[in-house]
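What follows is a short report on a single structure.
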Number of protein chains: 2
Amino acid sequence: METLPEQLLFRLQEQIVRGELTPGQRLAESELASRYGVSRGPLREAIRRLEARRLVEVAPRTGARVVDFDAEQLADVYQAREALEGMAARLAAQAMTDAEIEQLSQLLDHHEQSIAADEGQHYLQDEGDVDFHYRLAAGSHNAVLVGMLCDELYQLVRLFRHRFSSVRDRPITALSEHRAIVEALRERDGELAELLMRRHIAKARRSALSAFADAQANAAGTKVKSASTERTATKSSFQTTTSD
Amino acid sequence: METLPEQLLFRLQEQIVRGELTPGQRLAESELASRYGVSRGPLREAIRRLEARRLVEVAPRTGARVVDFDAEQLADVYQAREALEGMAARLAAQAMTDAEIEQLSQLLDHHEQSIAADEGQHYLQDEGDVDFHYRLAAGSHNAVLVGMLCDELYQLVRLFRHRFSSVRDRPITALSEHRAIVEALRERDGELAELLMRRHIAKARRSALSAFADAQANAAGTKVKSASTERTATKSSFQTTTSD
DNA sequence: TTGACCCATATTGTCGACAATAATCTACGG
DNA sequence: CCGTAGATTATTGTCGACAATATGGGTCAA
């Protein structure tokens with residue numbers, strides 16, 4: 001059986017990423033502890049680990065809040081991701097086995113089918129996309145890169161997407177970019193793989209930023225004075241375009 | 001006044017980086033707690049934060065140990081650093097103010113004087129080098145990059161260096177590389193700054209790896225069966241060359 | 001002598017309680 | 001009516017204790 005803080009970490013992380021805990025919302029230790037039927041100790045540790053993943057911000061003697069990011073923070077995350085994942089692609093071109101590359105290619109086949117079948121929820125497509133990037137990061141066989149990407153940045157990306165309920169109008173474009181990357185891996189061309197990955201993510205960054213700007217503008221229109229006590233960020237769930 | 005886990009974090013971090021706590025050494029909660037005159041709670045939190053910084057490894061229900069890295073882990077850190085710091089240099093070329101760049105340049109002047117004066121301890125030179133990279137990372141004005149580099153990777157690099165007691169036989173080379181980077185910043189050439197920084201760190205990686213290999217060989221010569229109970233990694237403190 | 005099994009010990013995981021600090025509400029004065 | 005000061009309440013920071021588990025030593029048998 002797992003240790004308690006670990007379980008709490010994953011449960012809270014899912015709640016945050018899936019928007020069940022809204023950005024800016026306060027995380028009271030006692031309340032959450034009693035809700036999950038544990039003591040404050042393990043829950044406190046879970047919150048600190050969420051802080052390390054940048055999913056919550058804690059101020060000393062004040063408590064923890066779910067992150068409420070702005071455009072700058074969003075850009076920061078994508079820039080860091082561009083650097084790390086570019087390097088991961090470069091390394092993966094040499095480190096991945098033929099079998100791993102083939103597996104990755106098959107994953108893209110599966111994505112193509114999902115898109116063709118038009119499986120309604122971009123929800124699933126997003127998770128599939130994360131899955132691709134997740135596996136490629138793992139393919140670098142670099143524990144530091146894997147940790148930074150999978151444990152920190154990808155969770156934030158998932159949060160961003162859910163927050164915007166962004167649907168990609170060009171999953172086909174993203175898919176073809178993914179295929180190009182896999183092709184570079186097949187040819188063991190690390191330099192090309194890095195270049196393609198960086199362009200891919202730079203594109204995603206621009207899309208995400210414009211989506212955020214739109215959401216911001218929309219929120220400004222339907223503006224209600226958000227109570228400072230429990231400022232539950234106005235959940236603007238309209239459709240925007242994001243390709244990644 | 002700061003919070004208790006914060007203080008403990010820094011104190012333990014210094015102890016680890018400076019080698020006062022040797023790689024592989026066990027960190028018993030009760031013992032450390034009584035030593036620092038605190039309870040197990042805050043100390044436990046400090047250890048978890050050290051884990052997030054990759055300075056200790058904790059196994060559930062077994063306890064925490066100071067990291068004992070191998071060549072692979074060392075390479076992983078430098079590769080991640082190459083990616084992140086390259087991006088930081090690129091961003092800094094646009095984000096840093098003229099005053100910040102000038103300040104950085106003056107720091108290098110100070111380094112040059114230190115080298116000319118041959119201030120015995122490469123100790124100080126190392127810290128100066130870290131200072132340069134630290135400030136450049138900050139110059140990116142990207143909170144994610146700063147956090148990943150300053151809080152995680154730089155501490156590990158400091159640990160590596162102390163572990164090898166590596167002295168750089170070419171601090172002049174490193175200095176000229178630093179100057180070239182600053183020059184690129186002055187010209188606001190982000191692309192060049194990234195390229196130079198990546199080459200700079202790649203060079204440092206190769207030096208560190210060969211230094212590690214030498215240390216490994218040396219340790220094999222003076223091999224004593226290290227007690228598994230308190231395996232205090234054979235502190236091989238001989239001179240090697242590392243340029244960074 | 002060597003190996004495995006069992007028991008004693010030490011350490012970690014978890015809990016509830018107390019102390020210190022921040023946030024909130026109320027009352028008072030301008 | 002509004003702003004400020006004080007008191008009250010709630011929440012976090014820290015502590016010590018108990019329970020569960022891993023580690024180490026000793027014993028016994030082969």
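In what follows, chains are A, B, ... by sequence order, proteins preceding strands, each numbered from 1. Fair warning: this is a prediction, and the values are worked out from it, not measured in the lab.
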For nucleotides 6-8 of chain D, print each protein N/O atom paired with a nucleotide N/O atom at under 3.5 Å, atom names and distance only.
none

Would you list the protein and nucleotides 17-21 of chain D atom pairs, both N or O, that sit under 3.5 Å from each other?
none

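For dT12(D), the OP1/OP2 oxygens have a side-chain nitrogen or oxygen of R26(A) closer than 4.0 Å. Residue T3(B) places no side-chain N or O under 4.0 Å from the OP1 or OP2 atom of dT12(D).
Over its length, the helix from dT1(C)-dA30(D) to dG30(C)-dC1(D) turns its helix axis by 10°, as judged from the five terminal pairs at each end, rounded to 10°.
Pairs of residues two or more places apart, or lying in two chains, never qualify as ring pair (Phe, Tyr, Trp, His ring centres under 6.0 Å) while including a residue from residues 16-41 of chain A. Residue pairs meeting the ring pair (Phe, Tyr, Trp, His ring centres under 6.0 Å) criterion with at least one partner in residues 47-70 of chain B, sequence neighbours excluded, are F69(B)-F160(B).
Note on G63(B): only backbone sugar-phosphate atoms sit closer than 4.0 angstrom, heavy atoms only; bases stay farther off. Among the protein residues, L27(B) comes within range of the sugar-phosphate backbone only, with heavy atoms under 4.0 Å from sugar or phosphate atoms but none that close to a base.
Here dT12(C) presents its P atom at 14 Å from CD of E51(B), a figure rounded to the nearest Å.
L27(B) is not listed as a side-chain neighbour of R65(B), based on a closest heavy-atom distance of 4.5 Å or more.
Residues from residues 29-39 of chain B that place a heavy atom under 4.0 Å from any atom of DNA chain D, listed by number: V38(B), S39(B).
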